[in-house]
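Just follow the structure's listing: the first ligand is 1, and inside any ligand the first atom is 1.
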Amino acid sequence: MKTVLKVFGGLVFLLVVAAGGAFAWGKSTAAGKLAAKVETHRVDFPIPFPLTEAELAELKAQQPEAAEAELKKVALERAIARGKHLVDARYACSECHGKNFGGGVMVDAPPIGKILGVNLTSGKGGQIANYQPADWDRIVRHGVLPDGRPAAMPSLDFVAMTDRELSDIVAYLLSVPPVDAEIARPTLGPVGTMLIATGKLPLSANVITEHQAPHRIEPPAAAETTEFGKHLVGVCTGCHGADLSGGPVPGGDPSWPPALNLTPHADGLAGWSYEDFVRALKEGKRKNGAELRVPMSAMKAYAANITQTELKAMWAYLQTAPARPSPK
Ligand code: HEC
Ligand code: HEC
């Protein structure tokens, strides 16, 4: 009896030591990953973008006397309007940074951690006062903080954003009412620490392999083309996969269902009409009427603002994507 107890006690002791050891390993490995500086290029672009030749010609035809200052004002107003559309319809910054951009929640689950989206306004506690275009590029398209450390923000979804789109978003953010809010930096719980250490919760800065290649300056023209559609679908690939065949959402909440197959395969959208596709995005319903769950259900709020041209372009592109079975 005694021997059994001793053996059992010894085992428990060993397990505790092993778990403690693993956690100590996890803690130092996660800390190492979070402190390792990531090198990127430093790009520059105007904020706002100047008017295009075509816009200038049109304005000059309407107001031949328009002064330089007037044209600059129009350029800024148009950039702000484009930026508002981009964040209302296509790039979900407010999902984590709050509807008023004064801060929001990405993850608030104690074992994983508390990961908040910081204040993006010019109010007290706002993080962007000293941001240069290069800093915007680094955080949004590379997942790298101004001091070079990898951010907890999933920037993988934004790598295909063009300079003009990023500039428009910045012009819009600089125009929103300032919010005074001090938002805590991300803190990790034991599960979050182990997820980062083991690479189960990948940091975008480490997943994005290309930190030096130039970004595209202008997005494709907004038209019902597969080229524009491909660009728009870029924000879906973070969850639906680079080949759009679906599967578990990388770095997603373990309770989420896998992302579904968006290719024209029998496992995917074969047999879907354009109307079925629009209903999935705008009403959050599958072809068979079943409700789409979180996180796809969050798309409804954005899809309400997507233009018909954008929907038609996405649909045109999805039909040309190579058909692939869903991952097993
Ligand atoms: C899924 C959640 C999420 C989305 C979507 C998101 N962010 Fe973030 N963002 C975060 C988190 C979390 C941080 C804090 C990162 C850290 O400190 O490691 C952050 C940090 C930032 C920072 C500040 C970094 C600093 O200097 O403190 C900026 C700027 C930013 N995000 C801009 C954006 C923009 C612009 C968009 C939309 C194009 C966006 N974010 C979309 C979660 C998100
Ligand atoms: C944050 C992750 C995420 C993003 C981003 C995302 N999706 Fe989804 N999507 C999902 C998940 C998860 C499901 C499955 C939901 C379920 O089973 O209830 C899904 C389901 C769908 C479906 C339903 C397919 C079917 O067979 O019923 C369509 C259509 C769809 N997504 C289109 C898109 C498009 C288009 C985009 C980009 C504009 C997009 N999704 C972006 C995660 C995402």
Side-chain angles (χ1 to χ4, degrees), residues 34 83 86-87 89-98 101 103-107 113-121 126-131 135-141 143-147 149-158 161 165-166 169-170 172-173 183-188 203-205 229 232-241 244 246-253 256-263 265 267-272 276-281 284-299 302-303 306 310-311 314-315 317-318 326:
L34 289 166
L86 289 172
V87 300
R90 291 175 34 199
Y91 296 110
C93 317
S94 54
E95 212 47 34
C96 303
H97 291 281
F101 304 102
V105 179
M106 175 169 143
V107 175
K114 193 161 181 170
I115 306 180
L116 304 178
V118 300
N119 182 345
L120 296 184
T121 75
Q127 296 297 320
I128 56 147
N130 300 317
Y131 262 56
D135 300 310
W136 285 104
D137 168 50
R138 277 152 60 85
I139 181 72
V140 175
R141 296 188 293 199
V144 177
L145 292 163
D147 67 6
R149 287 178 302 122
M153 170 168 143
S155 297
L156 200 53
D157 299 352
F158 307 133
M161 194 187 280
E165 289 168 303
L166 182 52
I169 289 175
V170 175
Y172 173 58
L173 289 174
I183 307 293
R185 303 307 303 195
T187 49
L188 292 174
L203 295 161
S204 286
L232 297 173
V233 168
V235 298
C236 321
T237 55
C239 294
H240 287 273
L244 297 170
V249 174
D253 191 309
W256 289 352
L260 290 165
N261 188 329
L262 302 184
T263 75
H265 186 273
D267 290 350
L269 306 187
W272 280 49
D276 294 329
F277 173 67
V278 173
R279 195 165 71 125
L281 292 189
K285 291 209 165 71
R286 305 192 63 187
K287 186 177 167 64
N288 64 11
E291 290 279 339
L292 285 165
R293 292 160 285 179
V294 176
M296 189 59 205
S297 50
M299 189 66 71
Y302 298 91
I306 300 186
E310 289 166 336
L311 287 166
M314 278 201 269
W315 182 240
Y317 170 66
L318 288 177
S326 301

J.: Begin from the C-alpha positions of W272 and F277 and carry the test ring-ring contact (aromatic ring centres under 6.0 Å, His included) through to its verdict.
T.: CA-CA 7 Å; W272 280 49; F277 173 67; 7.5 Å; no
J.: Check R286 with E291, please: is the shortest side-chain N to carboxylate O separation under 4.0 Å?
T.: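 The answer is no: the pair does not qualify as a salt bridge.
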J.: Quick one: does Y131 get an N or O within less than 3.5 Å of an N or O on ligand 1?
T.: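 Checking ligand 1 against Y131, an N or O pair does fall under 3.5 Å apart.
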J.: I'd like to check which ligand 1 atoms, numbered from 1 as shown, lie under 4.0 Å from a non-hydrogen atom of P154.
T.: 1 (C), 2 (C), 3 (C)
J.: For W256 and ligand 2, does the shortest N/O to N/O distance drop below 3.5 Å?
T.: no
J.: Pull out every atom of ligand 1 sitting under 4.0 Å from any heavy atom of V140, numbered as shown with elements.
T.: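 Contacts of ligand 1 toward V140, numbered from 1: 35 (C).
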J.: Starting at CG of L166, measure out to CZ of R141 and round the result to the nearest 0.5 Å.
T.: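 The CG atom of L166 sits 5.0 Å away from the CZ atom of R141.
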J.: Got a second to check how far S326's OG is from L262's CG, nearest 0.5 Å?
T.: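 Between atom OG of S326 and atom CG of L262 there are 9.5 Å.
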J.: Does L188 reach the side chain of K114, with side-chain heavy atoms less than 4.5 Å apart?
T.: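 The answer is no, as the side chains (C-beta and beyond) never meet within the 4.5 Å cut-off.
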J.: For V235, take its heavy atoms, then give the atoms of ligand 2 lying under 4.0 Å from any of them.
T.: 5 (C)
J.: Tell me the nearest of A152, A184, C96 to atom 18 (O) of ligand 1, using heavy-atom distances.
T.: A152
J.: How far is atom 28 (C) of ligand 1 from the closest protein heavy atom, and which atom is that?
T.: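 The closest heavy atom on the protein side is L120 CD2, 3.4 Å.
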J.: Less than 4.5 Å apart, side chain to side chain, heavy atoms only: is that true for L318 and L244?
T.: yes
J.: Please check if the side chain of K285 supplies one atom and the backbone of D276 the other of a donor-acceptor pair under 3.5 Å.
T.: no
J.: Counting each atom of ligand 1 from 1 as listed, which ones have a heavy atom of P146 under 4.0 Å away?
T.: 26 (O)
J.: If you measure from each non-hydrogen atom of R149 to ligand 1, which part falls under 4.0 Å: side chain, backbone, both or neither?
T.: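 It is neither part, as no heavy atom is under 4.0 Å.
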J.: Heavy atom of M106 under 4.0 Å from ligand 1?
T.: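 M106 counts as a contact of ligand 1 under the 4.0 Å cut-off.
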J.: Can you confirm whether E165 sits close enough to F158 that some side-chain heavy atom of one is under 4.5 Å from a side-chain heavy atom of the other?
T.: no
J.: Does W272 have a non-hydrogen atom less than 4.0 Å from ligand 2?
T.: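 In this structure, W272 qualifies as a contact of ligand 2 - some heavy atom is under 4.0 Å.
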J.: Among the N, O or S atoms of H97, which one sits nearest to atom 8 (Fe) of ligand 1?
T.: NE2
J.: For the rings on Y131 and W136, is their centre-to-centre separation under 6.0 Å?
T.: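 Yes, the ring of Y131 comes within the 6.0 Å limit of the ring of W136, centre to centre.
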J.: Within less than 4.0 angstrom of ligand 1, does V107 place any heavy atom?
T.: no
J.: For atom 17 (O) of ligand 1, what is the closest protein heavy atom, and at what distance to 0.1 Å?
T.: R185 NH2, 2.7 Å
J.: Tell me, please, if M153 has any N/O/S atom, main chain or side chain, under 2.8 Å from atom 8 (Fe) of ligand 1?
T.: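 Checking M153: at least one N, O or S atom is under 2.8 Å.
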J.: What's the separation between atom CG in L232 and atom OH in Y317, rounded to the nearest 0.5 Å?
T.: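 These two atoms lie 11.0 Å from each other.
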J.: In terms of residue, atom name and distance, what is the protein heavy atom nearest to atom 38 (C) of ligand 1?
T.: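 Answer, as residue, atom name and distance: C93 SG, 2.6 Å.
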J.: Around atom 8 (Fe) of ligand 2, how many protein N, O or S atoms are there at under 2.8 Å?
T.: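 Protein N, O or S neighbours of atom 8 (Fe) of ligand 2 under 2.8 Å, waters not counted, come to 2.
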J.: Under 4.0 Å from a heavy atom of I115: which atoms of ligand 1 are those, numbered in the order shown and with their elements?
T.: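 Contacts of ligand 1 toward I115, numbered from 1: 12 (C).
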J.: If I take atom CZ from residue R90 and atom CG from residue D157, how far apart are they, to the nearest 0.5 angstrom?
T.: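 Atom-to-atom, R90:CZ and D157:CG are 13.0 Å apart.
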J.: Please could you name the atoms of ligand 1 that W136 approaches to less than 4.0 Å, counting only its heavy atoms?
T.: 29 (C)
J.: Return the CG to CG distance between L203 and L156, rounded to the nearest 0.5 Å.
T.: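 If we round to the nearest 0.5 Å, L203:CG and L156:CG are 11.5 Å apart.
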J.: Heavy atoms only, cut-off 4.0 Å: how does P186 contact ligand 1, side chain, backbone, both, or neither?
T.: side chain
J.: Looking at V118, is its backbone amide N or carbonyl O close enough to the side chain of H97 to form a donor-acceptor pair, meaning the two atoms are under 3.5 Å apart?
T.: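 Flag set: sc H97 to bb V118 pair under 3.5 Å.
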J.: Not counting sequence neighbours, which residues clear salt bridge (Lys or Arg N to Asp or Glu O under 4.0 Å) with D267? List them please.
T.: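 Salt bridge (Lys or Arg N to Asp or Glu O under 4.0 Å) list for D267, sorted by chain: empty.
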J.: Any nitrogen or oxygen of R286 lying under 3.5 Å from a nitrogen or oxygen in ligand 2? Just yes or no.
T.: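 R286 vs ligand 2: N/O contact under 3.5 Å present.
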J.: Would you give the length of the straight line joining atom CG of L145 to atom CG of L34, rounded to the nearest 0.5 angstrom?
T.: 9.5 Å
J.: Apply the test side-chain contact (heavy atoms from CB on, under 4.5 Å) to residues N119 and F101: give CA-CA distance (whole Å), side-chain angles for both, the deciding distance (0.1 Å), then the verdict.
T.: CA-CA 6 Å; N119 182 345; F101 304 102; 6.0 Å; no
J.: Under 4.0 Å from ligand 1, counting heavy atoms only, is it the side chain of L145, its backbone, both or neither?
T.: side chain
J.: For R138 and P146, indicate whether the former's side chain and the latter's backbone hold a donor-acceptor pair under 3.5 Å.
T.: yes
J.: Between V87 and Y302, does the side-chain contact (heavy atoms from CB on, under 4.5 Å) criterion hold? Intermediate values first, please.
T.: CA-CA 8 Å; V87 300; Y302 298 91; over 6 Å; no
J.: Looking at atom 5 (C) of ligand 1, what's its closest protein heavy atom, distance included?
T.: A92 O, 3.4 Å
J.: Have a look at ligand 2 and work out which part of P258, if any, has a heavy atom under 4.0 Å from it: side chain, backbone, both or neither.
T.: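 For P258, the contact with ligand 2 is made by the backbone alone.
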J.: Name the option, out of P257, A303, P248, G268, that contains the heavy atom nearest to atom 12 (C) of ligand 2.
T.: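 It is P257 that holds the nearest heavy atom.
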J.: Name the closest protein heavy atom to atom 11 (C) of ligand 1, giving the residue it belongs to and the distance to 0.1 Å.
T.: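 Ranked first by proximity to atom 11 (C) of ligand 1 is L116 O, 3.7 Å.
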